[in-house]
Undergrad: 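Just dropping this structure here.
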Amino acid sequence: TMTLDPKTLEIVTSYEGLEAKNLVIDGGEILITASDDGINSIDQDSGASEFAADDSLFTMNGGTVTVDAGGDGVDCNGNGVMNGGTLMVYGPENNGNGALDYNGTFTVNGGTLLAGGSSQMSMVPSAGTGVYVINAGITNSNGAVEVKASDGTVILNYQSEKTCSDLVIASDQLKQGSTYTITQNGTSLGEVTISDTVTYLNKTAGTGQGMFGRGRENRMASGTQPDFNSSATPEGQPQENSQLPDGQNAFPDTTEQKAM
């Protein structure tokens with residue numbers, strides 16, 4: 001188990017920033033730059049198949065973590081849970097990786113997750129997540145993305161220098177029944193009213209694989225790499241109303257809202 005609660009930890013350059021079977025972040029300020037995965041929880045001795053969940057676990061209880069990754073921003077080969085703190089992910093610009101990737105479950109019970117990256121391999125937190133989630137399709141450019149309350153107050157801000165087409169916003173600051181405006185570089189992308197656990201803006205459930213899911217096992221169930229130049233669903237990808245191995249629907253009830 002690797003447990004971190006530093007005052008400040010900066011990983012200036014790495015292949016994979018933090019890697020352990022059981023990785024726990026209790027606090028502090030951590031900055032990670034990685035050419036591949038920023039945070040990777042993995043059981044190296046697991047006999048699990050490539051797309052099946054192993055026994056590894058990533059837990060974040062507090063602190064502020066910033067990840068700049070060329071591969072997956074956060075890669076949980078087993079499960080992940082976020083109970084508090086702020087996790088800011090500047091994920092991949094290529095479509096072969098995602099800002100958030102998990103094989104088992106990834107639940108957000110508290111704190112704030114802002115995970116931006118390419119849209120092809122996008123994932124949202126698992127069913128059972130205790131906070132509300134907005135998954136926004138953005139304008140495939142860099143710059144400031146702001147979440148504004150109905151009175152114009154900026155409650156969340158994501159500032160990236162990387163090209164980004166998908167942003168997952170999961171936060172205990174999002175309240176059921178409230179309406180928020182999402183802007184990018186000062187231009188409104190649209191409004192969302194929180195009614196379900198996940199609300200989609202300018203995309204639908206399953207677009208670019210963004211869904212409640214079980215990581216790579218769902219995204220590429222056949223074990224084949226998808227054609228990133230095609231808009232077709234990769235072979236083996238669960239279709240709408242199909243059942244996952246544990247009986248969970250790959251496309252749960254969600255709310256889709258488009259730009260006004």
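The figures here come from the full heavy-atom set of this structure, side chains too, leaving out hydrogens, waters and symmetry mates.
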Undergrad: So, the side chain of Glu93 versus the backbone of Thr163: is there a donor-acceptor pair under 3.5 Å, distance only?
TA: yes
Undergrad: Met88 versus Val65: any side-chain heavy-atom pair under 4.5 Å?
TA: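 No, their side chains stay 4.5 Å or more apart.
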Undergrad: Check whether Ser14 reaches the backbone of Thr33 with its side chain - one donor and one acceptor, N or O, closer than 3.5 Å.
TA: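 The answer is yes, because a donor-acceptor pair under 3.5 Å joins these two groups.
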Undergrad: Flag the pair Pro92 / Met121 as yes when at least one side-chain heavy-atom distance between them is below 4.5 Å, and no otherwise.
TA: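 When only atoms from C-beta onward are counted, Met121 and Pro92 do not touch, as no gap falls below 4.5 Å.
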Undergrad: State, yes or no, whether a side-chain contact exists between Val74 and Val89 at a heavy-atom distance under 4.5 Å.
TA: yes
Undergrad: For Ala127 and Thr107, which heavy atoms make the closest approach, and how far apart are they?
TA: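 Closest approach of Ala127 to Thr107, heavy atoms only: O-CG2, 4.3 Å.
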Undergrad: Heavy atoms only: give me the nearest Val147-Ile182 pair and the separation to one decimal.
TA: CG2-CD1, 3.8 Å
Undergrad: Carefully, step by step, assess Ser119 and Asp166 under the rule side chain to side chain donor-acceptor pair (under 3.5 Å).
TA: CA-CA 5 Å; Ser119 59; Asp166 185 271; 5.9 Å; no
Undergrad: Are the side chain of Gln184 and the backbone of Thr139 linked by a donor-acceptor contact shorter than 3.5 Å?
TA: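 Answer holds: yes.
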Undergrad: Is Thr129 reaching over with its side chain to a backbone N or O of Ser126, donor-acceptor style, under 3.5 angstrom?
TA: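 Confirmed, Thr129 side chain pairs with Ser126 backbone.
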Undergrad: Carefully, step by step, assess Gln176 and Tyr132 under the rule side-chain contact (heavy atoms from CB on, under 4.5 Å).
TA: CA-CA 8 Å; Gln176 186 177 28; Tyr132 291 102; 3.2 Å; yes
Undergrad: Determine whether a donor-acceptor pair (N or O, by modelled atom type, separation under 3.5 Å) exists between the side chain of Asn79 and the backbone of Thr105.
TA: yes
Undergrad: Taking a hydrophobic cluster as the set of Ile, Leu, Val, Met, Phe, Trp and Tyr residues connected by side-chain heavy atoms closer than 4.5 Å, whether directly or through intermediates, do Leu9 and Met60 fall within one such cluster?
TA: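 Yes, same cluster.
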Undergrad: Please tell me if the side chains of Ile25 and Leu87 come closer than 4.5 Å, counting only heavy atoms from C-beta onward.
TA: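 Side chain of Ile25 against side chain of Leu87, heavy atoms only: no contact under 4.5 Å found.
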Undergrad: Which residues pass the side-chain contact (heavy atoms from CB on, under 4.5 Å) test with Ser160, not counting sequence neighbours?
TA: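 If we apply the side-chain contact (heavy atoms from CB on, under 4.5 Å) test to Ser160, skipping adjacent residues, the hits are Tyr90, Tyr158, Lys162.
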Undergrad: Is any side-chain heavy atom of Ile138 closer than 4.5 Å to one of Cys164?
TA: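 The answer is yes; the side chains approach within 4.5 Å.
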Undergrad: Is it true that a side-chain atom of Asp75 and a backbone atom of Ser41 form a donor plus acceptor pair closer than 3.5 Å?
TA: no
Undergrad: Taking it one step at a time, do Tyr180 and Glu191 satisfy side chain to side chain donor-acceptor pair (under 3.5 Å)?
TA: CA-CA 6 Å; Tyr180 302 96; Glu191 291 185 347; over 6 Å; no
Undergrad: When you measure from the side chain of Ser118 to the backbone N and O of Asn97, does any donor-acceptor pair fall under 3.5 Å?
TA: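 Indeed, once roles are kept as given, a pair shorter than 3.5 Å links the two residues.
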Undergrad: Are Ile169 and Ile155 connected in a single hydrophobic cluster, I mean Ile/Leu/Val/Met/Phe/Trp/Tyr linked by side-chain heavy atoms less than 4.5 Å apart?
TA: yes
Undergrad: Scan Thr179, Val133, Thr199 and name whichever one has a side chain to side chain contact (heavy atoms under 4.5 Å, CB included) with Ile194.
TA: Thr199
Undergrad: What closest approach, in Å, do Leu156 and Ser171 show between heavy atoms, and which atom pair accounts for it?
TA: CD1-CB, 3.9 Å
Undergrad: Provide the closest heavy-atom pair for Gly130 versus Asn109 in the form atom of the first, atom of the second, distance.
TA: N-OD1, 3.9 Å
Undergrad: What closest approach, in Å, do Leu189 and Gly137 show between heavy atoms, and which atom pair accounts for it?
TA: CD1-O, 4.5 Å
Undergrad: Would the distance check show the side chain of Asn185 and the main-chain N or O of Asn142 forming a donor-acceptor pair, the cut-off being under 3.5 Å?
TA: yes
Undergrad: Give a yes or no on whether Ile30 and Ile11 share a hydrophobic cluster (residues Ile, Leu, Val, Met, Phe, Trp, Tyr; joining criterion: side-chain heavy atoms under 4.5 Å apart).
TA: yes
Undergrad: Quick one: does Asn40's side chain get under 4.5 Å of Leu18's, heavy atoms only?
TA: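 Asn40 does not reach Leu18 side chain to side chain.
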Undergrad: What residue pairs, at least two apart or across chains, pass side chain to side chain donor-acceptor pair (under 3.5 Å) with a residue in residues 144-156?
TA: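 Counting only pairs at least two positions apart or across chains, the side chain to side chain donor-acceptor pair (under 3.5 Å) contacts touching residues 144-156 are Asp151-Thr153.
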Undergrad: Side-chain contact, heavy-atom cut-off 4.5 Å: Asn103 with Asp54?
TA: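 No. Closest side-chain heavy atoms not under 4.5 Å.
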Undergrad: Would Met2 end up clustered with Phe58 when hydrophobic side chains under 4.5 Å apart are linked, directly or stepwise?
TA: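 Yes, one cluster joins them.
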Undergrad: If Ile, Leu, Val, Met, Phe, Trp and Tyr residues are connected whenever their side-chain heavy atoms lie under 4.5 Å apart, and connections chain through other members, are Leu4 and Ile39 in the same group?
TA: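 Yes, same cluster.
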Undergrad: Is the shortest side-chain heavy-atom distance between Ile134 and Leu174 below 4.5 Å?
TA: yes
Undergrad: Under a 3.5 Å distance rule, please check whether Asn94 uses its side chain to pair with a backbone N or O of Gly70 as donor and acceptor.
TA: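 Pair found, side chain donor or acceptor close to backbone of Gly70.
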Undergrad: Identify the heavy atoms of Ser56 and Asn77 that sit nearest to each other, and give their distance.
TA: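 Nearest heavy atoms, Ser56 then Asn77: OG-C, 3.8 Å.
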